[in-house]
Amino acid sequence: MKRRLVVSSGAGISAESGMMTYRDAGGLWDNYPVMEVASDEGFARNPALIHEFYSNMRRKMTDGVHPNAAHRGLVELEKDFDVRIITQNVDDLHERAGSSHVLHLHGELMKVRSMVRPDRIYQLPSTELTTPDATDPLTTTLATRDPYGDPVRPHIVFFGEAVPNFEPAARLVEEADVLVVIGTSLVVYPAAGLIQYARRGCEVYYIDPNPAAVPSWVHVIAEKATTGVAHLIETLRK
Ligand code: APR
């Protein structure tokens, strides 16, 4: 019976793959007004802008952004542990690296869902969707329709919306023997609160080159994700 290792990752784990983080200098929120492109009011006000923002991010993801050694290191740890990944990231780099269990807290960039039936979720590129003015298969617009003739929206949790996967994520952390927090500024709740669900006796590690303040019982590895995960594997295999 392998011990349970749970990961809680943020934008920092994808930084070395070429994805921008949100709050580092020059990050996404320096370049886009977050409440315009990632909030429920922003979507109500200007849905076309939000379709464009996420369509651009999708095209970037497929234009040469690949999993890095940190994502692959977490797959390597599946030899030693029953690994569960919880991620705030909307990219699919954990999946593409080969992680077996990935739970997205803030949604998934490569998916859209019906505005009428939220349970109807479509993986892009999708032959089920029609976008009359599309320039490429990853673009969605206000004119995109699903097979039922309904409009779609990015399958993303906007600021102001509920985080339906938080409860299952908290249950995973409660069952963890080892919790590894990687590449997150720990400023956005409820995700940032996951660390508090670690039970007594759970070993907690935090890998981040510019770590946020954390309780003294957290083992901080103040390194970038690729080297930090390599060092973590060495430590866990001792
Ligand atoms: N390796 C590891 N961590 C890194 C690296 C790297 N190479 N480069 C930067 N970081 C760290 C930064 O030090 C910072 O702590 O990644 C973190 C990025 O923080 P944010 O940009 O705030 O990203 P994140 O914490 O994931 O944001 C949480 O905010 O806008 C919302 O929904 C969005 O999921 C996102 C949430």
Side-chain angles (χ1 to χ4, degrees), residues 7-43 49-50 53-54 56-58 60-61 65-74 85-95 97 102-111 153-166 169 173 179-196 204-215 218-233:
V7 173
S8 176
S9 70
I13 197 170
S14 300
E16 290 161 88
S17 295
M19 285 295 283
M20 292 169 94
T21 60
Y22 293 95
R23 294 173 183 82
D24 288 311
L28 265 175
W29 299 150
D30 278 357
N31 297 291
Y32 288 91
V34 54
M35 296 318 278
E36 292 302 311
V37 296
S39 72
D40 51 355
E41 298 97 30
F43 186 61
L49 173 65
I50 293 211
F53 176 70
Y54 285 103
N56 286 338
M57 279 176 81
R58 286 184 208 116
K60 174 171 172 54
M61 274 301 295
V65 170
H66 303 289
N68 62 53
H71 298 100
R72 290 193 295 274
L74 298 179
I85 309 280
I86 299 164
T87 187
Q88 296 173 81
N89 300 338
V90 295
D91 64 50
D92 58 357
L93 295 177
H94 283 299
E95 290 90 340
V102 183
L103 182 65
H104 287 267
L105 288 179
H106 296 160
E108 299 181 62
L109 187 59
M110 304 307 271
K111 292 181 179 173
R153 58 161 279 176
H155 187 48
I156 298 284
V157 177
F158 295 141
F159 280 104
E161 295 183 325
V163 181
N165 281 343
F166 180 74
V173 173
L179 171 65
V180 189
V181 179
I182 308 179
T184 177
S185 58
L186 294 169
V187 297
V188 174
Y189 284 79
L194 278 174
I195 201 168
Q196 301 302 332
V204 183
Y205 297 86
Y206 177 30
I207 300 172
D208 194 301
N210 181 21
V214 286
V218 176
H219 305 283
V220 176
I221 302 175
E223 295 178 36
K224 59 185 185 177
T226 50
T227 55
V229 168
H231 289 149
L232 174 72
I233 292 172

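Atoms within a ligand are numbered from 1 in the order they appear, just like the ligands themselves.
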Once side chain to side chain donor-acceptor pair (under 3.5 Å) is applied, do any residues pair with D91, and if so which ones, sequence neighbours excluded?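 Side chain to side chain donor-acceptor pair (under 3.5 Å) check on D91 returns S14.
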Look only at the side chain of K60 and the backbone of G18, and say whether a donor-acceptor pair between them is shorter than 3.5 Å.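 Side chain of K60 to backbone of G18, a donor-acceptor pair under 3.5 Å: yes, one is there.
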What does the list of residues with a heavy atom under 4.0 Å from ligand 1 look like, ordered by chain and number?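 Lining ligand 1 at under 4.0 Å, by heavy atoms, one finds G10, A11, G12, A15, E16, T21, Y22, R23, D24, W29, Q88, H106, F159, G183, T184, S185, V188, D208, P209, N210, K224, A225.
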Solution key, residues 183-195 side-chain donor-acceptor pairs under 3.5 Å, sequence neighbours excluded:
unit_1, atom_1, unit_2, atom_2, d
T184, OG1, Q88, NE2, 2.9
T184, OG1, L186, N, 3.3

Check the pair M61, M19 against side-chain contact (heavy atoms from CB on, under 4.5 Å), reporting the backbone distance first and the verdict last. CA-CA 8 Å; M61 274 301 295; M19 285 295 283; 3.5 Å; yes
Could you give all pairs that pass the side chain to side chain donor-acceptor pair (under 3.5 Å) test and reach residues 30-43, with sequence neighbours left out?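 Checked against side chain to side chain donor-acceptor pair (under 3.5 Å) - neighbours excluded - the pairs reaching residues 30-43 are E36-R45.
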Could you tell me whether the side chain of K111 reaches within less than 4.5 Å of the side chain of H104, counting heavy atoms only?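 H104 does not reach K111 side chain to side chain.
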